[in-house]
Amino acid sequence: MDGTILKTVNLRKEFGGVVAVMDVSFEVERGEILAIIGPNGAGKTTLFNLISGVHPLTGGEIYFKGQRLNGLKPHVISSLGIARTFQNVQLFGNMTVLENVMVGRHHRSSYGLLAAALRLPRARAEEQEIIAKAREYLSMVGLAERAELNALSLPFGQQRMLEIARAMATEPEVLMLDEPGAGLNRPEKEELARLVEQIRQGGVTVLLVEHDMEFVMGLADRIIVLDYGEKIAEGTPAEVQNNPRVIAAYLGEEDVGFLRP
Amino acid sequence: MIRETGWGRYRNYIGVIIFAVVVGLVPVLAKKYVHVMTLIGIHSIVTMGLCLLMGYAGQISLGQAAFYGLGAYSSAILTVKFFPWLSVQMGQPDLESWWVWPWVAILVGMVFTAMVAYFIGAPILRLRGNYLAMATLGFGIVVHGIFKGFGLDFVRNITGGGTGIPGVPRLAIGSFAFWPKEIYYYLVWATTLLVLLLSLNIVNSRVGRALRSVHGSEVAANTLGIDTDRYKLQVLVLSAIFASVAGSFYAHYMTVAAPDAHSYGFTASVNLLVMAAIGGLASIWGAPFGAAAVILIKDTIRDVMPKLLKYASGEHEIIAFGLILVLIMIFMPDGVTVWLVDAVRRTRRRTA
């Protein structure tokens with residue numbers, strides 16, 4: 001761990017009169033796996049949408065490697081080195097598995113409309129490299145064999161993996177995973193955990209929103225707990241588990257078993 | 001996608017060459033289809049732009065005929081009025097009907113239409129779905145209104161009002177004229193095939209994927225570093241340029257630019273839309289077939305309807321045309337081309 005890579009200061013988002021994210025401040029250390037947990041409607045996904053620029057902020061600030069991200073468009077934020085996946089998988093159904101990952105190489109290549117139309121040598125060379133890289137990322141998630149299939153013809157678990165490969169193809173410094181385990185069965189989740197660990201080993205900082213507590217407890221270095229848009233706890237999995245406010249927030253949720261030691 | 005190794009990488013080129021040979025034989029083997037095939041070629045160019053815009057980038061345009069008309073009127077106004085006037089002003093009256101002017105006019109028309117597309121695109125493309133449809137519809141109606149003169153004399157003086165601008169010259173290079181129509185046919189189809197090849201290249205490229213990603217999921221595209229607004233605008237401008245070239249070719253073919261709705265008005269925009277839909281929105285190859293289908297269906301209806309109905313009029317033709325479209329859209333929602341390819345596959349599997 002060498003310093004802060006991402007920082008939010010009093011981050012706030014209101015939808016009409018509803019406060020979805022209430023003055024949340026936290027720092028993400030380079031190279032860590034940080035999980036954001038909380039009951040349904042706690043504002044976890046909204047937080048991701050704010051950081052990736054999908055929603056404009058109501059208040060507060062976001063810094064990435066010291067640079068202020070406020071007001072930047074999502075495609076600019078992405079090209080700075082923050083990639084993400086979506087809770088409800090957002091693959092391109094009009095493309096093959098490989099092409100989905102190739103889109104991830106967009107801002108790592110540069111040829112434009114004219115070069116594309118005339119298929120200039122530069123375009124061809126870049127295209128070769130895009131394909132080679134995309135195949136690498138497909139192999140990383142074990143989908144190399146499926147390259148030519150339509151993306152939406154994959155089983156759901158593999159669609160999630162493909163979305164991670166696509167995000168990784170942008171070569172991010174921070175990868176944000178929005179409920180990557182949702183809808184996966186046990187073996188798939190174990191595979192996912194291995195993949196996330198491997199991604200971190202590769203030097204990428206991972207931020208993940210998750211509902212499956214067991215999964216998070218085994219994987220995350222640190223955990224932030226949100227409730228009604230507010231940060232109510234922050235610390236190591238062990239610390240968070242014993243925090244009375246966290247236990248209170250989760251009471252009434254069906255799945256509090258994880259909180260007992 | 002295009003495979004980068006083996007024969008697969010030449011697939012598009014081989015396809016275009018085969019298509020070119022077939023098209024090239026028409027004036028030799030089937031002379032009576034030259035006129036209809038010329039119209040099909042011209043409309044294919046517009047339709048391919050519309051396919052890129054709608055089928056790949058997912059942005060609807062109900063005003064594409066306006067860009068087509070801008071090309072036609074640019075060519076007509078410049079070649080009939082402006083360049084002869086300019087030649088006289090420069091003291092070179094012998095340059096009045098110089099062969100270079102029509103080509104310059106086509107280029108000026110392309111640039112002008114591209115600029116119009118750029119300036120209306122920037123605000124309009126922020127709209128989505130029905131709202132974008134309404135905005136482009138309105139744009140098309142306004143432009144068509146301008147062609148008709150807008151009820152203003154100075155506009156009518158430029159666009160020729162209801163009669164339009166007759167006397168558009170034929171295209172030529174030096175003393176070689178692209179006429180009679182069999183020769184013009186080759187010029188049109190050479191351009192069509194070139195546009196086809198460029199479009200195929202774009203679709204299978206970084207830019208093409210960016211366009212398709214806008215259609216697939218705009219949010220995901222954005223978070224992968226794609227400036228979707230920029231690509232939507234680029235493809236609109238490109239489709240407008242295609243339409244403008246086709247419009248110029250049409251004006252030089254008909255030797256007139258006149259503001260009837262079937263050429264540049266709302267009906268024309270709908271026809272173009274139907275050509276794209278019948279060919280298959282997400283299929284560049286479908287565009288020529290979609291254009292052919294619409295033009296041939298309309299011709300057939302015009303021939304057959306009076307035989308079926310004693311008092312058949314224009315309205316009956318529209319009803320019959322509409323009915324055929326509804327049937328096609330119900331039974332072949334991905335377009336005729338995709339349906340045909342699937343049908344071939346199905347029968348092949350059955351016999352295998």
Side-chain angles (χ1 to χ4, degrees), chain A residues 48-49 52-54 73-86 88-96 98-120 123-124 126-128 130-132 147-148 151-152 163 166-167 169-170 172 176, chain B residues 1-5 8-10 12-13 48-49 52 55-58 114 194-231 233-239 241-242 281-284 334:
Chain A
F48 270 20
N49 284 339
S52 57
V54 172
K73 291 189 169 174
H75 70 91
V76 178
I77 292 174
S78 159
S79 60
L80 290 174
I82 301 179
R84 69 168 289 184
T85 64
F86 296 85
N88 45 340
V89 179
Q90 298 270 346
L91 291 173
F92 305 124
N94 48 356
M95 294 185 213
T96 65
L98 182 65
E99 283 176 316
N100 264 271
V101 184
M102 287 166 78
V103 175
R105 299 299 297 170
H106 187 82
H107 67 77
R108 298 280 167 193
S109 46
S110 64
Y111 75 88
L113 190 62
L114 201 63
L118 302 174
R119 253 185 133 60
L120 297 181
R124 275 202 298 252
E126 279 191 24
E127 196 73 352
Q128 297 273 15
I130 292 171
I131 292 175
E148 305 298 331
L152 296 186
E163 211 186 18
R166 189 179 67 181
T170 66
M176 305 200 293
Chain B
M1 59 166 289
I2 298 295
R3 274 159 207 78
E4 290 294 315
T5 52
R9 106 178 92 155
Y10 302 115
N12 278 339
Y13 297 96
M48 283 186 267
L52 286 176
Y56 290 92
L194 180 68
V195 170
L196 177 70
L197 200 57
L198 296 182
S199 302
L200 288 171
N201 281 345
I202 289 170
V203 166
N204 294 297
S205 75
R206 170 177 180 266
V207 179
R209 285 189 298 274
L211 292 177
R212 283 183 282 160
S213 74
V214 176
H215 197 8
S217 164
E218 194 165 346
V219 162
N222 269 318
T223 60
L224 290 168
I226 293 167
D227 185 351
T228 51
D229 291 342
R230 179 163 154 249
Y231 281 102
L233 193 54
Q234 266 192 13
V235 73
L236 178 72
V237 169
L238 186 72
S239 76
I241 291 175
F242 285 1
L281 280 176
S283 156
I284 293 294
D334 296 322

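Computation of the quantities below employed the complete heavy-atom set of this structure, encompassing side-chain atoms and omitting hydrogens, waters and symmetry-equivalent molecules. Computed from a predicted model, the values in this text were never measured in an experiment.
For the pair A/I130/B/R209, a side-chain contact is recorded, criterion being any heavy-atom separation below 4.5 Å from C-beta on. Between B/N201 and A/L118, the closest side-chain pair of non-hydrogen atoms is not below 4.5 Å. Using a 4.5 Å heavy-atom threshold, the side chains of A/F92 and B/L224 count as touching.
Interface residue A/F86: only side-chain heavy atoms are found under 4.5 Å from chain B. With a 4.5 Å cut-off on non-hydrogen atoms, A/R166 touches chain B through its backbone and its side chain both. Heavy-atom distances place both the backbone and the side chain of A/L113 under 4.5 Å from chain B. Proximity to chain B (any heavy atom under 4.5 Å) is shown, for A/A151, by neither the backbone nor the side chain. In this structure, chain B has heavy atoms under 4.5 Å from both the backbone and the side chain of A/S109.
In this structure, B/D229 and A/K73 approach most closely via the heavy-atom pair OD2-NZ, 3.9 Å.
Here the CG-CZ distance, from B/N12 to A/R119, works out to 8.0 Å after rounding to the nearest 0.5 Å.
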inquiry  = Let's go through B/Y231 and A/H75 carefully: what are the C-alpha distance in whole Å and the side-chain angles of both, what is the deciding distance for ring-ring contact (aromatic ring centres under 6.0 Å, His included) to 0.1 Å, and is it a yes or a no?
reply    = CA-CA 12 Å; B/Y231 281 102; A/H75 70 91; 9.5 Å; no

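By the salt bridge (charged side-chain N to carboxylate O under 4.0 Å, His left out) test, B/R206 pairs with no residue at all, sequence neighbours left out.
Among the candidates A/H106, A/M95, A/Q90, A/R105, the residue making the largest number of heavy-atom pairs closer than 4.5 Å to chain B is A/H106.
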